[in-house]
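Beneath this line is the structure, given in C-alpha coordinates, with notes to follow.
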Amino acid sequence: MNRDLSLLQTAPLNPAKPRHRTREVAVGGLVIGGDNPIRVQSMTTSDTFNVAETVAQIKRLEEAGCELVRVTVPKPEDAATLTQVREQIGIPLICDIHFDYKMALMALDHPVDKIRINPGNIGGYDRFRQIIRKAKDRGLPMRIGVNAGSLERELVEKYGYPCPPAMVESAIRYIEIAEAEGYHQMIVSLKSSDVPTVVEAYRLYAQLCDYPTHIGVTEAGKPPYAVTKSAAGLAPILLDGIGDTIRISLLGDPVPEIYAAFDILQATQRRVRRPELIACPTCGRLAIDLEDIIAKLEKRLEGRTTAIKISVLGCVVNGPGEAKEADIGIAAGNGKGVIFRNGEIVRHVVEAEMVDALLEEVDTWERDQIAAKADGKVTRRDARKQLPMVRG
Ligand code: SF4
(Lines give C-alpha, C1' and ligand atoms only; values in the text may rest on other atoms or scores of the structure.)
Protein backbone atom coordinates (compact mmCIF):
# COMPACT_ATOMS: atom_id res chain seq x y z
CA MET A 1 0.00 0.00 0.00
CA ASN A 2 1.28 3.46 -0.94
CA ARG A 3 0.96 5.81 1.96
CA ASP A 4 1.08 9.52 1.21
CA LEU A 5 2.36 11.02 4.47
CA SER A 6 2.04 14.59 3.18
CA LEU A 7 -1.51 14.27 4.50
CA LEU A 8 -0.09 14.52 8.01
CA GLN A 9 1.54 17.86 7.27
CA THR A 10 -1.75 19.44 6.23
CA ALA A 11 -4.02 17.80 8.82
CA PRO A 12 -5.20 20.24 11.53
CA LEU A 13 -3.26 19.88 14.79
CA ASN A 14 -6.25 20.90 16.84
CA PRO A 15 -8.99 18.28 16.45
CA ALA A 16 -11.71 20.56 17.90
CA LYS A 17 -14.36 21.68 15.46
CA PRO A 18 -16.08 25.00 16.07
CA ARG A 19 -19.72 25.03 17.16
CA HIS A 20 -22.27 25.04 14.35
CA ARG A 21 -23.36 28.68 14.16
CA THR A 22 -26.90 28.94 15.41
CA ARG A 23 -29.18 31.80 16.33
CA GLU A 24 -29.96 32.50 19.93
CA VAL A 25 -33.43 31.61 21.16
CA ALA A 26 -34.54 32.66 24.64
CA VAL A 27 -36.43 30.13 26.74
CA GLY A 28 -37.55 31.81 29.94
CA GLY A 29 -34.40 33.25 31.47
CA LEU A 30 -32.09 30.93 29.48
CA VAL A 31 -30.64 31.50 26.05
CA ILE A 32 -30.18 28.49 23.79
CA GLY A 33 -27.92 28.51 20.74
CA GLY A 34 -25.08 30.80 19.69
CA ASP A 35 -22.08 30.49 22.01
CA ASN A 36 -24.16 29.65 25.05
CA PRO A 37 -23.43 26.45 26.97
CA ILE A 38 -25.24 23.37 25.72
CA ARG A 39 -28.23 23.24 28.05
CA VAL A 40 -29.25 20.03 29.78
CA GLN A 41 -32.91 19.13 29.94
CA SER A 42 -35.21 16.31 30.90
CA MET A 43 -38.87 15.38 31.05
CA THR A 44 -41.05 14.38 33.97
CA THR A 45 -42.67 10.95 34.13
CA SER A 46 -45.54 11.94 36.44
CA ASP A 47 -49.12 12.74 35.42
CA THR A 48 -48.77 16.47 34.91
CA PHE A 49 -52.11 17.14 36.64
CA ASN A 50 -50.62 15.60 39.79
CA VAL A 51 -49.00 18.90 40.75
CA ALA A 52 -47.33 17.70 43.95
CA GLU A 53 -45.64 14.75 42.23
CA THR A 54 -44.69 16.76 39.15
CA VAL A 55 -43.16 19.59 41.18
CA ALA A 56 -41.31 17.13 43.46
CA GLN A 57 -39.79 15.42 40.43
CA ILE A 58 -38.80 18.75 38.87
CA LYS A 59 -37.14 19.82 42.14
CA ARG A 60 -35.06 16.62 42.12
CA LEU A 61 -34.12 17.29 38.49
CA GLU A 62 -33.16 20.89 39.31
CA GLU A 63 -30.98 19.68 42.17
CA ALA A 64 -29.18 17.33 39.78
CA GLY A 65 -28.43 20.23 37.40
CA CYS A 66 -31.38 20.11 34.98
CA GLU A 67 -31.75 23.49 33.27
CA LEU A 68 -35.08 23.14 31.45
CA VAL A 69 -37.89 20.70 32.05
CA ARG A 70 -40.65 19.35 29.85
CA VAL A 71 -44.01 18.06 30.96
CA THR A 72 -46.56 16.22 28.86
CA VAL A 73 -49.92 17.91 28.30
CA PRO A 74 -52.29 15.32 26.83
CA LYS A 75 -55.51 16.46 28.54
CA PRO A 76 -57.21 19.73 29.56
CA GLU A 77 -56.67 18.87 33.26
CA ASP A 78 -52.90 18.77 32.59
CA ALA A 79 -53.01 22.18 30.91
CA ALA A 80 -55.04 23.53 33.83
CA THR A 81 -52.21 22.80 36.28
CA LEU A 82 -49.37 24.39 34.28
CA THR A 83 -49.65 27.73 36.09
CA GLN A 84 -49.39 26.04 39.47
CA VAL A 85 -46.39 23.96 38.37
CA ARG A 86 -44.64 26.98 36.88
CA GLU A 87 -45.03 28.98 40.08
CA GLN A 88 -43.28 26.35 42.14
CA ILE A 89 -40.18 25.64 40.06
CA GLY A 90 -37.03 27.58 39.27
CA ILE A 91 -36.27 26.45 35.70
CA PRO A 92 -38.05 27.08 32.38
CA LEU A 93 -41.11 24.91 31.80
CA ILE A 94 -41.83 23.34 28.41
CA CYS A 95 -45.18 21.85 27.47
CA ASP A 96 -45.03 18.77 25.26
CA ILE A 97 -47.90 18.34 22.81
CA HIS A 98 -48.79 15.49 20.49
CA PHE A 99 -51.81 14.91 18.23
CA ASP A 100 -54.20 17.58 19.47
CA TYR A 101 -53.50 21.12 18.33
CA LYS A 102 -56.20 22.34 20.70
CA MET A 103 -54.09 21.14 23.61
CA ALA A 104 -51.25 23.27 22.25
CA LEU A 105 -53.50 26.33 22.08
CA MET A 106 -54.79 25.60 25.56
CA ALA A 107 -51.30 25.11 27.02
CA LEU A 108 -50.21 28.44 25.54
CA ASP A 109 -52.82 30.17 27.72
CA HIS A 110 -50.60 29.30 30.69
CA PRO A 111 -47.23 30.77 31.70
CA VAL A 112 -45.09 28.13 30.00
CA ASP A 113 -41.66 29.12 28.63
CA LYS A 114 -41.67 27.01 25.47
CA ILE A 115 -43.85 24.59 23.56
CA ARG A 116 -42.73 21.38 21.89
CA ILE A 117 -44.79 19.96 19.07
CA ASN A 118 -44.26 16.97 16.81
CA PRO A 119 -45.08 18.21 13.30
CA GLY A 120 -45.78 14.69 12.04
CA ASN A 121 -48.76 14.20 14.32
CA ILE A 122 -50.22 17.66 14.92
CA GLY A 123 -52.90 17.40 12.24
CA GLY A 124 -51.59 19.29 9.22
CA TYR A 125 -50.24 22.64 8.17
CA ASP A 126 -53.26 24.79 9.06
CA ARG A 127 -53.36 23.57 12.63
CA PHE A 128 -49.62 24.07 12.88
CA ARG A 129 -50.08 27.66 11.64
CA GLN A 130 -52.63 28.33 14.38
CA ILE A 131 -50.14 27.18 17.02
CA ILE A 132 -47.39 29.29 15.48
CA ARG A 133 -49.58 32.40 15.49
CA LYS A 134 -50.43 31.93 19.15
CA ALA A 135 -46.80 31.23 20.14
CA LYS A 136 -45.79 34.35 18.21
CA ASP A 137 -48.43 36.47 19.94
CA ARG A 138 -47.20 35.22 23.29
CA GLY A 139 -43.54 35.71 22.31
CA LEU A 140 -42.79 32.06 23.11
CA PRO A 141 -40.27 29.72 21.47
CA MET A 142 -41.20 26.37 20.00
CA ARG A 143 -39.37 23.12 19.42
CA ILE A 144 -40.12 21.53 16.10
CA GLY A 145 -39.59 17.97 17.31
CA VAL A 146 -39.34 15.68 14.30
CA ASN A 147 -39.36 12.01 15.21
CA ALA A 148 -38.56 9.20 12.75
CA GLY A 149 -41.39 7.17 14.28
CA SER A 150 -44.08 9.68 13.38
CA LEU A 151 -43.04 11.25 10.09
CA GLU A 152 -45.71 12.37 7.64
CA ARG A 153 -46.80 9.35 5.58
CA GLU A 154 -46.22 11.22 2.35
CA LEU A 155 -42.53 11.78 3.22
CA VAL A 156 -42.04 8.15 4.21
CA GLU A 157 -43.51 7.16 0.83
CA LYS A 158 -41.33 9.67 -1.01
CA TYR A 159 -38.07 8.42 0.54
CA GLY A 160 -39.10 4.81 1.14
CA TYR A 161 -38.53 4.81 4.90
CA PRO A 162 -37.96 7.32 7.74
CA CYS A 163 -34.41 8.17 6.70
CA PRO A 164 -32.38 11.33 7.53
CA PRO A 165 -33.39 13.27 4.36
CA ALA A 166 -37.07 12.58 5.05
CA MET A 167 -36.68 13.82 8.62
CA VAL A 168 -34.85 16.98 7.56
CA GLU A 169 -37.37 17.70 4.81
CA SER A 170 -40.15 17.39 7.37
CA ALA A 171 -38.40 19.86 9.69
CA ILE A 172 -37.74 22.33 6.89
CA ARG A 173 -41.34 22.28 5.71
CA TYR A 174 -42.53 23.35 9.12
CA ILE A 175 -39.71 25.82 9.61
CA GLU A 176 -40.64 27.52 6.35
CA ILE A 177 -44.32 27.68 7.26
CA ALA A 178 -43.35 29.33 10.55
CA GLU A 179 -40.95 31.73 8.79
CA ALA A 180 -43.74 32.74 6.41
CA GLU A 181 -45.69 33.75 9.54
CA GLY A 182 -42.75 35.89 10.64
CA TYR A 183 -41.86 33.45 13.44
CA HIS A 184 -38.23 32.58 14.14
CA GLN A 185 -38.06 31.43 17.77
CA MET A 186 -37.51 27.82 16.79
CA ILE A 187 -35.38 25.01 18.15
CA VAL A 188 -35.25 21.82 16.08
CA SER A 189 -34.81 18.17 16.93
CA LEU A 190 -34.48 15.20 14.58
CA LYS A 191 -34.77 12.16 16.77
CA SER A 192 -34.69 8.47 16.05
CA SER A 193 -33.94 5.38 18.10
CA ASP A 194 -31.46 4.41 15.38
CA VAL A 195 -27.99 5.82 16.06
CA PRO A 196 -26.70 6.20 12.46
CA THR A 197 -29.99 7.88 11.50
CA VAL A 198 -29.68 10.39 14.35
CA VAL A 199 -26.10 11.29 13.44
CA GLU A 200 -26.77 11.79 9.75
CA ALA A 201 -30.04 13.66 10.26
CA TYR A 202 -28.36 16.31 12.44
CA ARG A 203 -25.37 16.55 10.10
CA LEU A 204 -27.67 17.11 7.14
CA TYR A 205 -29.77 19.64 9.02
CA ALA A 206 -26.70 21.64 10.09
CA GLN A 207 -25.79 22.19 6.45
CA LEU A 208 -29.16 23.78 5.78
CA CYS A 209 -30.41 25.62 8.87
CA ASP A 210 -29.23 27.80 11.71
CA TYR A 211 -32.00 27.33 14.24
CA PRO A 212 -30.54 25.81 17.43
CA THR A 213 -30.76 22.05 17.83
CA HIS A 214 -32.09 19.94 20.64
CA ILE A 215 -30.17 16.67 20.37
CA GLY A 216 -30.96 13.20 21.64
CA VAL A 217 -31.34 9.56 20.73
CA THR A 218 -34.98 8.85 21.39
CA GLU A 219 -36.28 5.80 23.23
CA ALA A 220 -32.73 4.71 24.03
CA GLY A 221 -34.16 2.20 26.51
CA LYS A 222 -32.85 0.93 29.79
CA PRO A 223 -29.56 1.99 31.34
CA PRO A 224 -26.70 1.21 31.27
CA TYR A 225 -27.00 0.25 27.58
CA ALA A 226 -29.19 3.29 26.93
CA VAL A 227 -26.46 5.62 28.18
CA THR A 228 -23.88 3.96 25.95
CA LYS A 229 -26.27 4.11 23.00
CA SER A 230 -26.97 7.81 23.63
CA ALA A 231 -23.26 8.53 23.89
CA ALA A 232 -22.63 6.62 20.65
CA GLY A 233 -25.24 8.74 18.85
CA LEU A 234 -24.51 12.10 20.40
CA ALA A 235 -20.71 12.12 20.51
CA PRO A 236 -20.27 12.37 16.72
CA ILE A 237 -22.81 15.18 16.58
CA LEU A 238 -21.27 17.07 19.48
CA LEU A 239 -17.75 16.62 18.13
CA ASP A 240 -19.00 18.08 14.84
CA GLY A 241 -20.04 21.14 16.84
CA ILE A 242 -23.77 20.46 16.58
CA GLY A 243 -26.14 20.63 19.54
CA ASP A 244 -27.45 23.48 21.68
CA THR A 245 -29.55 21.58 24.19
CA ILE A 246 -29.45 17.90 25.07
CA ARG A 247 -31.80 15.31 26.49
CA ILE A 248 -30.84 11.72 27.25
CA SER A 249 -33.93 9.49 27.09
CA LEU A 250 -33.65 6.79 29.73
CA LEU A 251 -36.29 4.35 30.86
CA GLY A 252 -37.30 5.07 34.46
CA ASP A 253 -36.48 7.90 36.85
CA PRO A 254 -35.38 10.97 34.83
CA VAL A 255 -32.70 12.17 37.28
CA PRO A 256 -29.98 9.84 35.88
CA GLU A 257 -30.61 11.51 32.48
CA ILE A 258 -29.00 14.65 33.85
CA TYR A 259 -25.85 12.89 35.05
CA ALA A 260 -25.57 11.05 31.72
CA ALA A 261 -25.99 14.28 29.72
CA PHE A 262 -23.27 16.08 31.68
CA ASP A 263 -20.95 13.08 31.36
CA ILE A 264 -21.39 13.04 27.57
CA LEU A 265 -20.77 16.79 27.38
CA GLN A 266 -17.70 16.41 29.60
CA ALA A 267 -16.23 13.52 27.60
CA THR A 268 -16.70 15.36 24.30
CA GLN A 269 -15.30 18.53 25.95
CA ARG A 270 -18.29 20.54 24.79
CA ARG A 271 -19.17 21.55 28.33
CA VAL A 272 -16.68 20.84 31.07
CA ARG A 273 -17.92 21.32 34.62
CA ARG A 274 -15.53 19.27 36.71
CA PRO A 275 -11.95 18.01 36.76
CA GLU A 276 -11.16 15.27 34.24
CA LEU A 277 -9.46 12.32 35.93
CA ILE A 278 -7.28 10.25 33.62
CA ALA A 279 -6.55 6.81 35.07
CA CYS A 280 -5.14 3.70 33.43
CA PRO A 281 -7.11 0.44 33.48
CA THR A 282 -4.22 -1.18 35.45
CA CYS A 283 -2.41 -4.37 34.49
CA GLY A 284 0.29 -6.66 35.82
CA ARG A 285 2.80 -3.79 35.75
CA LEU A 286 0.82 -1.79 38.31
CA ALA A 287 3.12 -0.42 41.01
CA ILE A 288 0.65 1.42 43.32
CA ASP A 289 -2.90 0.87 44.65
CA LEU A 290 -4.44 2.92 41.85
CA GLU A 291 -8.08 2.10 42.55
CA ASP A 292 -7.77 3.34 46.11
CA ILE A 293 -5.99 6.54 45.03
CA ILE A 294 -8.57 7.30 42.33
CA ALA A 295 -11.49 6.62 44.71
CA LYS A 296 -10.01 9.02 47.29
CA LEU A 297 -9.24 11.67 44.66
CA GLU A 298 -12.75 11.44 43.20
CA LYS A 299 -14.28 11.88 46.62
CA ARG A 300 -12.11 14.86 47.53
CA LEU A 301 -12.62 16.54 44.15
CA GLU A 302 -16.41 16.28 44.46
CA GLY A 303 -18.10 19.62 43.92
CA ARG A 304 -15.09 21.23 42.17
CA THR A 305 -15.98 22.79 38.86
CA THR A 306 -12.44 23.46 37.60
CA ALA A 307 -11.76 22.33 34.03
CA ILE A 308 -8.45 20.69 34.90
CA LYS A 309 -6.94 17.46 33.58
CA ILE A 310 -5.41 15.25 36.27
CA SER A 311 -3.57 12.15 35.16
CA VAL A 312 -2.86 9.27 37.53
CA LEU A 313 -1.21 6.28 35.90
CA GLY A 314 -0.04 3.13 37.59
CA CYS A 315 3.49 2.70 36.21
CA VAL A 316 6.22 4.23 34.05
CA VAL A 317 4.98 2.89 30.69
CA ASN A 318 2.70 5.83 29.85
CA GLY A 319 2.81 7.60 33.21
CA PRO A 320 5.39 10.33 32.47
CA GLY A 321 3.98 11.08 29.01
CA GLU A 322 0.39 11.44 30.21
CA ALA A 323 1.50 13.34 33.32
CA LYS A 324 3.37 15.90 31.21
CA GLU A 325 0.38 16.45 28.94
CA ALA A 326 -2.13 16.82 31.79
CA ASP A 327 -2.36 19.96 33.93
CA ILE A 328 -1.41 17.91 36.97
CA GLY A 329 -0.10 14.38 36.63
CA ILE A 330 1.66 11.67 38.51
CA ALA A 331 3.93 9.02 37.09
CA ALA A 332 4.01 6.24 39.65
CA GLY A 333 6.35 3.33 40.17
CA ASN A 334 7.17 1.01 43.06
CA GLY A 335 5.24 2.82 45.77
CA LYS A 336 6.62 6.23 44.76
CA GLY A 337 5.70 8.85 42.23
CA VAL A 338 6.79 12.01 40.43
CA ILE A 339 4.25 14.83 40.22
CA PHE A 340 4.15 17.12 37.20
CA ARG A 341 2.42 20.50 37.04
CA ASN A 342 2.03 22.08 33.61
CA GLY A 343 4.49 19.54 32.20
CA GLU A 344 7.27 20.23 34.74
CA ILE A 345 8.34 17.99 37.61
CA VAL A 346 7.38 19.73 40.85
CA ARG A 347 7.86 17.06 43.53
CA HIS A 348 8.58 13.45 44.43
CA VAL A 349 6.19 11.65 46.78
CA VAL A 350 5.67 8.26 48.37
CA GLU A 351 2.37 6.43 47.81
CA ALA A 352 0.84 7.41 51.16
CA GLU A 353 1.29 11.12 50.32
CA MET A 354 0.03 11.00 46.74
CA VAL A 355 -3.61 12.06 47.22
CA ASP A 356 -2.78 14.99 49.52
CA ALA A 357 0.08 16.08 47.27
CA LEU A 358 -2.03 15.93 44.10
CA LEU A 359 -4.76 18.00 45.74
CA GLU A 360 -2.23 20.60 46.89
CA GLU A 361 -0.94 20.81 43.33
CA VAL A 362 -4.50 21.22 42.02
CA ASP A 363 -4.98 24.14 44.44
CA THR A 364 -1.71 25.72 43.27
CA TRP A 365 -2.69 25.23 39.63
CA GLU A 366 -6.07 26.90 40.23
CA ARG A 367 -4.44 29.86 41.99
CA ASP A 368 -1.94 30.25 39.11
CA GLN A 369 -4.76 30.21 36.56
CA ILE A 370 -6.70 32.88 38.42
CA ALA A 371 -3.57 35.06 38.77
CA ALA A 372 -2.64 34.60 35.09
CA LYS A 373 -6.15 35.59 34.02
CA ALA A 374 -6.10 38.65 36.27
CA ASP A 375 -2.78 39.68 34.65
CA GLY A 376 -4.27 39.11 31.19
CA LYS A 377 -1.69 36.37 30.52
CA VAL A 378 -2.40 33.43 28.23
CA THR A 379 -2.43 30.32 30.40
CA ARG A 380 -0.95 27.00 29.39
CA ARG A 381 -4.48 25.65 29.11
CA ASP A 382 -5.48 28.36 26.64
CA ALA A 383 -2.29 28.01 24.67
CA ARG A 384 -2.22 24.25 24.26
CA LYS A 385 -3.07 22.77 20.94
CA GLN A 386 -5.62 20.49 22.56
CA LEU A 387 -9.38 20.62 22.43
CA PRO A 388 -10.48 23.90 23.99
CA MET A 389 -12.45 23.20 27.14
CA VAL A 390 -15.79 24.96 27.03
CA ARG A 391 -16.60 26.02 30.54
CA GLY A 392 -19.97 26.82 32.00
FE1 SF4 B 1 -0.42 -1.20 33.12
FE2 SF4 B 1 1.26 0.79 33.52
FE3 SF4 B 1 -0.48 0.93 31.47
FE4 SF4 B 1 -1.38 1.17 33.96
S5 SF4 B 1 0.03 2.59 32.90
S6 SF4 B 1 -2.24 -0.14 32.37
S7 SF4 B 1 -0.04 -0.22 35.07
S8 SF4 B 1 1.21 -0.51 31.72
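Atoms within a ligand are numbered from 1 in the order they appear, just like the ligands themselves. Heavy-atom basis, side chains included; hydrogens, waters and symmetry copies ignored.
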Contacting atoms of ligand 1, where contact means under 4.0 angstrom from a heavy atom of [X]:
{"X": "Val317", "value": "8 (S)"}
{"X": "Arg285", "value": "8 (S)"}
{"X": "Leu286", "value": "7 (S)"}

Once you restrict to heavy atoms under 4.0 Å, what part of Leu290 touches ligand 1? Side chain, backbone, both or neither.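 Near ligand 1, Leu290 shows nothing, with every heavy atom at 4.0 Å or more.
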Any chance you could measure [X], atom [atom1], to [Y], atom [atom2], to the nearest 0.5 Å?
{"X": "Ile248", "Y": "Phe262", "atom1": "CD1", "atom2": "CZ", "value": "11.0 Å"}
{"X": "Gln57", "Y": "Glu62", "atom1": "CD", "atom2": "CD", "value": "12.0 Å"}
{"X": "Thr197", "Y": "Leu190", "atom1": "OG1", "atom2": "CG", "value": "11.0 Å"}

Nearest non-hydrogen atom to atom 8 (S) of ligand 1 belongs to which of Ala331, Cys315, Ala332, Ala279?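 Nearest option to atom 8 (S) of ligand 1, by heavy atoms: Cys315.
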Determine whether the aromatic ring centres of Phe128 and Tyr101 lie less than 6.0 Å apart.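 No, ring centres 6.0 Å or more apart.
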Where is the nearest protein heavy atom to atom 1 (Fe) of ligand 1: which residue, which atom, and how far?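 Of every protein heavy atom, Cys283 SG, 2.3 Å lies nearest to atom 1 (Fe) of ligand 1.
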I need the nearest protein heavy-atom contact for atom 4 (Fe) of ligand 1: residue, atom name and distance, please.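 Closest protein heavy atom to atom 4 (Fe) of ligand 1: Cys280 SG, 2.4 Å.
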Donor-acceptor contact present, side-chain Tyr202 to main-chain His214, <3.5 Å: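 Yes, Tyr202 side chain to His214 backbone: donor-acceptor pair under 3.5 Å.
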Using modelled atom types and a 3.5 Å cut-off, is there a donor and acceptor pairing between side-chain atoms of Gln185 and backbone atoms of Ala26?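 Between the backbone of Ala26 and the side chain of Gln185 there is no qualifying donor-acceptor contact (under 3.5 Å).
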